[in-house]
There are 2 protein chains.
Amino acid sequence: MTEAAKPYHHGDLRAALLDAAEAELGARGVEAFSLRQVARRAGVSSAAPAHHFGDVGGVLTALATEGFRRFLAAQTLRQQGAGEDARAQLIALGLGYVDFALANPALFRLMFGSNRAAYHDPALYAVSEEAFRRLAEGVQAVRPEAGMVDVAAVWSATHGLADLLAAGRLQMLGGMARAERDRAVAEIVGRSLR
Amino acid sequence: MTEAAKPYHHGDLRAALLDAAEAELGARGVEAFSLRQVARRAGVSSAAPAHHFGDVGGVLTALATEGFRRFLAAQTLRQQGAGEDARAQLIALGLGYVDFALANPALFRLMFGSNRAAYHDPALYAVSEEAFRRLAEGVQAVRPEAGMVDVAAVWSATHGLADLLAAGRLQMLGGMARAERDRAVAEIVGRSLR
DNA sequence: CGGATATCTTATCGCTGTCAAGATTTAATT
DNA sequence: AATTAAATCTTGACAGCGATAAGATATCCG
């Protein structure tokens with residue numbers, strides 16, 4: 001096909017719907033997310049998404065899954081630019097955690113602060129478990145004798161920071177220049193390790 | 001009036017609607033909260049809430065405001081049962097923070113993890129600012145030279161802990177007996193202070 | 001080529017939040 | 001005490017939502 005005005009079949013509607021859903025999420029937030037609006041954004045009828053995602057929960061679950069992939073990628077990116085020692089790697093993971101929350105606040109909120117994504121979905125469960133595993137292993141690498149409380153401490157500090165920043169509280173940190181904020185995040189995550 | 005079956009005027013509908021709203025919030029969560037359902041719970045027409053709260057946002061804002069009052073009360077309760085020194089007081093504040101989140105997960109999520117409550121509302125703004133002020137002053141009392149980063153560290157660790165526990169992640173801590181969990185929370189909050 | 005299948009639309013349902021208009025009760029004023 | 005004003009609640013309507021069944025159109029595969 002060359003470039004027909006409106007082919008009956010979209011070609012890759014699933015991907016287009018996910019893009020539209022992310023735009024909708026960013027524009028309206030998790031609370032006011034509308035599936036019909038997503039369909040409208042993609043230039044398709046309101047019933048079209050059902051064939052690819054089932055219901056609105058399916059769309060949000062797929063979006064959250066994609067979100068976790070990028071979440072992990074943001075952590076990897078920071079870790080690649082960090083020193084090799086375990087502590088620097090764990091702090092880099094925390095910086096990536098916060099990076100993602102600041103860059104995608106609505107997506108972050110969908111992933112961590114709502115019941116709208118179905119975590120019993122195998123793909124979402126797998127990728128969220130991987131995120132936890134990476135953090136836990138990062139803690140173990142720094143302190144081999146570390147236990148549950150140590151993992152909880154690092155996760156809590158990092159997640160709390162990310163959540164408060166994504167919500168727009170903690171303006172004292174959110175308004176900082178990146179380098180300065182990075183130092184503060186590193187300091188806070190570092191403290192949680194004792 | 002003795003006990004007429006259905007008086008046209010309720011008497012204290014505002015309070016009854018808030019109770020119904022809290023029940024609805026607990027039952028369905030922030031995501032599926034329905035104003036009509038709240039009215040049904042209170043035995044009143046769907047348009048009745050408008051006269052007391054304006055729209056659904058007004059109900060949720062009032063509910064969040066009441067939530068912050070109880071949030072502060074939970075912290076006060078812990079602080080009354082704690083030692084007098086500044087550090088014990090701050091850790092008690094953190095324990096109250098977590099207590100509230102575990103006892104009222106849906107309300108906690110409304111207050112901290114959603115845009116549905118209007119924080120420009122004077123009453124809600126005032127009570128949420130008081131909560132922040134108490135935490136910041138608690139940090140200052142422990143370390144008079146403390147700065148923004150110290151406040152952010154304590155808030156992040158405490159809030160992250162509460163948020164993850166309310167969301168059902170961190171089952172490792174959530175499944176503990178209260179005394180054991182308290183020790184872990186105290187340890188984690190304590191770490192954020194240095 | 002032709003039937004099976006995947007993809008998308010149209011039309012409809014019950015539910016939601018909001019609003020205007022009317023009914024009923026309480027409060028204020030004289 | 002009588003009348004008026006104000007507050008409270010109901011009824012009825014509207015548009016938008018998610019979901020689903022039935023039909024239209026395109027692709028796949030023998």
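The chains referred to below are lettered A, B, ... by the order of the sequence lines, with proteins before strands, and numbering in each begins at 1.
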| field | Rounded distance (Å) that lies between atom C1' of C:dA6 and atom CG of A:Asp12 | value | 14 Å

Could you give the side-chain donor-acceptor pairs of residues 91-102 of chain B under 3.5 Å, partners two or more places apart or in another chain?
residue, atom, partner, partner atom, Å
B:Tyr97, OH, B:Trp155, NE1, 3.1
B:Tyr97, OH, B:His159, ND1, 3.0
B:Asp99, OD1, B:Arg78, NH2, 3.1
B:Asp99, OD2, B:Arg78, NE, 2.6
B:Asp99, OD2, B:Arg78, NH2, 3.2

| query | Among C:dT10, D:dT11, C:dT18, which nucleotide sits nearest the side chain of B:Leu35? | reply | C:dT18

| task | Could you identify which residues of residues 21-30 of chain B place a heavy atom less than 4.0 Å from some atom of DNA chain D, listed by residue number, or say none? | result | none

| remark: Between CZ of A:Arg36 and C1' of C:dA11 the distance, given in whole Å, is 11 Å

| query | Does some side-chain heavy atom of B:Ser192 sit less than 4.5 Å from a side-chain heavy atom of B:Thr158? | reply | no

| Matching residue for A:Ile188 among B:Val154, B:Asp150, B:Val149 - test: side chain to side chain contact (heavy atoms under 4.5 Å, CB included) | B:Val149

| said: Between B:Val59 and B:Leu17, is there a side-chain heavy-atom distance shorter than 4.5 Å? | reply: no

| said: Restricting to side-chain hydrogen bond (donor to acceptor under 3.5 Å, both in side chains), what partner residues turn up for B:Thr76, sequence neighbours left out? | reply: B:Arg134

| said: For DNA chain D, which residues of residues 48-66 of chain A approach it to below 4.0 angstrom with any heavy atom? | reply: A:Asp55, A:Val56

| Taking atom OH of B:Tyr119 as the centre, does the number of heavy atoms from other residues, nucleotides or ligands within less than 6.0 Å exceed 12? | yes

| message | Tell me the interatomic distance from A:Phe33, atom CZ, to D:dG16, atom P, rounded to whole angstroms. | response | 18 Å

| Do B:Arg181 side-chain atoms and B:Leu173 backbone N/O form a donor-acceptor pair below 3.5 Å? | no

| said: If I take atom CZ in residue B:Arg116 and atom C1' in nucleotide C:dT16, what distance separates them, rounded to the nearest angstrom? | reply: 11 Å

| d(CZ, A:Arg40; P, C:dT9) in whole Å | 13 Å

| field | B:Phe68: partners by ring-ring contact (aromatic ring centres under 6.0 Å, His included), with sequence neighbours left out | value | B:Phe71, B:Phe112

| field | With B:Glu24 via side-chain hydrogen bond (donor to acceptor under 3.5 Å, both in side chains) - residues at least two apart | value | B:Arg28, B:Arg41

| Between P of C:dT7 and CG of A:Leu17, the distance in whole Å | 12 Å

| With a 4.0 Å cut-off on heavy atoms, is B:Ser34 in touch with a base, just the backbone sugar-phosphate, or nothing at all? | sugar-phosphate

| note | Atom CD of A:Glu31 and atom C1' of D:dC17 are separated, to the nearest Å, by 16 Å

| request: Round to a whole Å and report the spacing from CD of B:Gln37 to P of C:dC15. | output: 10 Å

| remark: Out of C:dC19, C:dT9, C:dT18, minimum distance to the side chain of B:Ala47 belongs to C:dC19

